[in-house]
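A short write-up of the structure that comes next.
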2 protein chains.
Amino acid sequence: MARPSGSDAGVTGPRVHAAAERLFARSGYAAVSMRQIAAEVGIGAGALYHYTPDKQTLLRRLMLDHLKDLLSAWAEADPGGDPITRLDAFARFHIRFHLDRPDAVFIAYMELRSLDPDNFSAVEARRKCYEAIPETILRDGVAAGRMRLADPKVASVALIAMLTGVNTWYRDGGRLDRAAVEGIYADLAMGLVGARRGAG
Amino acid sequence: MARPSGSDAGVTGPRVHAAAERLFARSGYAAVSMRQIAAEVGIGAGALYHYTPDKQTLLRRLMLDHLKDLLSAWAEADPGGDPITRLDAFARFHIRFHLDRPDAVFIAYMELRSLDPDNFSAVEARRKCYEAIPETILRDGVAAGRMRLADPKVASVALIAMLTGVNTWYRDGGRLDRAAVEGIYADLAMGLVGARRGAG
DNA sequence: CTTGGAATTGAACGCCCGTTCGGTTTATCC
DNA sequence: GGATAAACCGAACGGGCGTTCAATTCCAAG
């Protein structure tokens with residue numbers, strides 16, 4: 001038995017990525033073996049090397065794909081307009097996007113140290129692109145007198161950290177649904193930048 | 001050569017913990033070998049087992065020690081009194097404590113998944129004790145009409161996530177010193193809970 | 001119906017892992 | 001100063017690691 005019937009690179013390829021994403025998120029890159037990934041897909045370990053030159057490249061692709069999705073999704077979700085509107089949209093977008101892809105997000109934040117220097121640089125560059133988004137919004141908000149911040153740079157990383165933290169506790173079927181969580185965080189974001197409208 | 005002159009468990013023991021902490025924080029628990037830890041200490045791998053029954057216990061002790069330090073340090077730093085005062089103290093305490101122990105903090109947040117189920121439970125229990133601190137402060141603040149929050153529970157985890165994020169970017173010798181960072185985060189915390197005094 | 005490439009197996013390679021253990025040197029206690 | 005325990009070395013154990021490769025089977029095109 002060598003080539004099983006029904007085998008198809010168009011099917012197996014995505015399954016390899018999905019399995020790697022699940023396992024890397026659950027146990028960490030270093031703790032997951034190529035044999036485990038292969039077992040999850042239902043193939044032998046050797047066959048993985050038709051889909052990636054090595055384990056490291058698998059991680060690199062997962063991260064870059066995620067960041068590409070993130071940046072292009074925001075490009076489409078960005079309403080433009082005044083800073084308050086954009087901040088509200090950004091907060092809600094970030095929560096939604098992160099709740100929809102917990103595994104990819106987890107990897108992107110936790111496995112930076114598992115990347116080779118070259119891959120790290122590539123990933124870090126895109127990550128900074130994303131961090132620049134709220135920073136611009138906050139600077140505009142301060143300039144327009146709609147936000148009060150001692151340090152927009154720190155505030156923007158604080159904002160991202162706050163929002164990203166949602167993945168550490170949110171579970172479907174819990175006390176709050178996604179829409180409620182989105183609203184709560186959007187409101188907290190407004191307070192963070194000194195532009196709170198009202199809460200209750 | 002078997003027992004080197006000058007060898008002393010009272011010296012080597014802490015060095016083992018320190019080396020493990022450094023390496024685990026830098027590369028991750030799974031990616032660090034006992035031989036690497038031993039090499040950092042300057043002993044053979046086998047000698048490590050005079051100081052820990054196994055690798056897992058080493059991680060467990062690092063985490064529990066850190067959380068014990070964290071809880072007892074706050075017990076001493078807690079000024080009591082009104083919620084606004086306590087929140088300011090908590091935010092400043094959290095920033096200070098985390099900036100002083102970046103490695104221990106990193107491990108405590110990133111290596112939860114590397115713990116055996118029993119060890120995870122023990123660590124998680126103490127972690128929830130700490131999370132209960134801001135939650136109480138925020139509930140008291142809302143009850144006293146000094147804070148405006150739709151959901152104190154979510155706000156408290158958001159607060160912790162925001163504060164802990166300082167370790168992802170702060171470096172000594174950068175644009176801001178620790179005292180400045182402490183103040184900025186304390187101010188952001190006030191805004192987060194709807195109690196901002198003033199910024200600029 | 002043949003042919004050629006695509007998809008995969010399964011064995012193998014060398015290496016490193018966590019852990020154990022007998023032996024050896026150093027410190028300590030009486 | 002002789003015995004006992006502490007601290008450590010160095011080799012070894014079985015096993016899993018990432019990766020390679022010849023062989024094999026399936027599929028699609030001619």
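Below, chain A is the first sequence line, B the second, and so on; all start at residue 1.
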Do B:D88 and B:T85 have side-chain N/O donor and acceptor atoms under 3.5 Å apart?
no

For B:S121 and B:D118, which I'm curious about, is there any donor-acceptor pair between the side chains at under 3.5 Å?
no

Can you tell me how far [atom2] of [N] sits from [atom1] of [X], to the nearest Å?
{"X": "B:Y29", "N": "C:dC17", "atom1": "OH", "atom2": "C1'", "value": "12 Å"}
{"X": "B:Y49", "N": "C:dG22", "atom1": "OH", "atom2": "C1'", "value": "17 Å"}
{"X": "B:L48", "N": "D:dG10", "atom1": "CG", "atom2": "C1'", "value": "14 Å"}
{"X": "A:Q56", "N": "D:dG18", "atom1": "CD", "atom2": "C1'", "value": "13 Å"}
{"X": "A:K55", "N": "D:dC17", "atom1": "NZ", "atom2": "P", "value": "9 Å"}
{"X": "B:M34", "N": "C:dC17", "atom1": "CE", "atom2": "P", "value": "11 Å"}
{"X": "B:I37", "N": "C:dC17", "atom1": "CD1", "atom2": "C1'", "value": "12 Å"}
{"X": "B:D54", "N": "C:dT19", "atom1": "CG", "atom2": "P", "value": "5 Å"}

Which residues in residues 10-28 of chain A have a heavy atom closer than 4.0 Å to any atom of DNA chain D?
none

Run the side chain to side chain contact (heavy atoms under 4.5 Å, CB included) check on B:F90 and B:L159 step by step: do they pass?
CA-CA 10 Å; B:F90 178 80; B:L159 174 68; 4.2 Å; yes

Less than 6.0 angstrom from the centroid, inside 45 degrees of the normal: does B:R126 satisfy that with respect to the ring of B:Y130?
no

May I have the step-by-step check of salt bridge (Lys or Arg N to Asp or Glu O under 4.0 Å) for A:E131 and A:K128, ending in yes or no?
CA-CA 5 Å; A:E131 287 181 359; A:K128 287 195 173 168; over 6 Å; no

Those residues that, when tested against B:H98, pass ring pair (Phe, Tyr, Trp, His ring centres under 6.0 Å) (two or more places apart):
B:H94

Nearest to the side chain of [X], which nucleotide is it out of [options]?
{"X": "B:S33", "options": "C:dA12, D:dA7, C:dG18", "value": "C:dG18"}
{"X": "A:I43", "options": "C:dT9, D:dT19, D:dC9", "value": "C:dT9"}
{"X": "B:H50", "options": "D:dA7, C:dT19, D:dC9", "value": "D:dA7"}

OP1 or OP2 of [N] less than 4.0 angstrom from a side-chain nitrogen or oxygen of [X], does that happen here?
{"X": "B:Y51", "N": "D:dC8", "answer": "yes"}
{"X": "A:Q36", "N": "D:dG16", "answer": "no"}
{"X": "A:S5", "N": "D:dC26", "answer": "no"}

Using a 4.0 Å heavy-atom cut-off across all strands, classify B:G44 as base, sugar-phosphate, or nothing.
sugar-phosphate

Report which part of the nucleic acid B:V32 touches: base, sugar-phosphate, or nothing (heavy-atom distance under 4.0 Å, all strands).
sugar-phosphate

Hey, does the side-chain of B:R35 have a donor or acceptor N/O within less than 3.5 Å of a partner on the base of C:dG18?
yes

Can you check salt bridge (Lys or Arg N to Asp or Glu O under 4.0 Å) on B:R178 and B:E182, steps first, answer last?
CA-CA 6 Å; B:R178 295 183 181 218; B:E182 197 182 301; over 6 Å; no

By nearest-nucleotide position on DNA chain D, the 5'-leaning member of A:A30 and A:A47 is A:A30

Do the side chains of A:V154 and B:Y185 get nearer than 4.5 Å, heavy atoms only?
yes

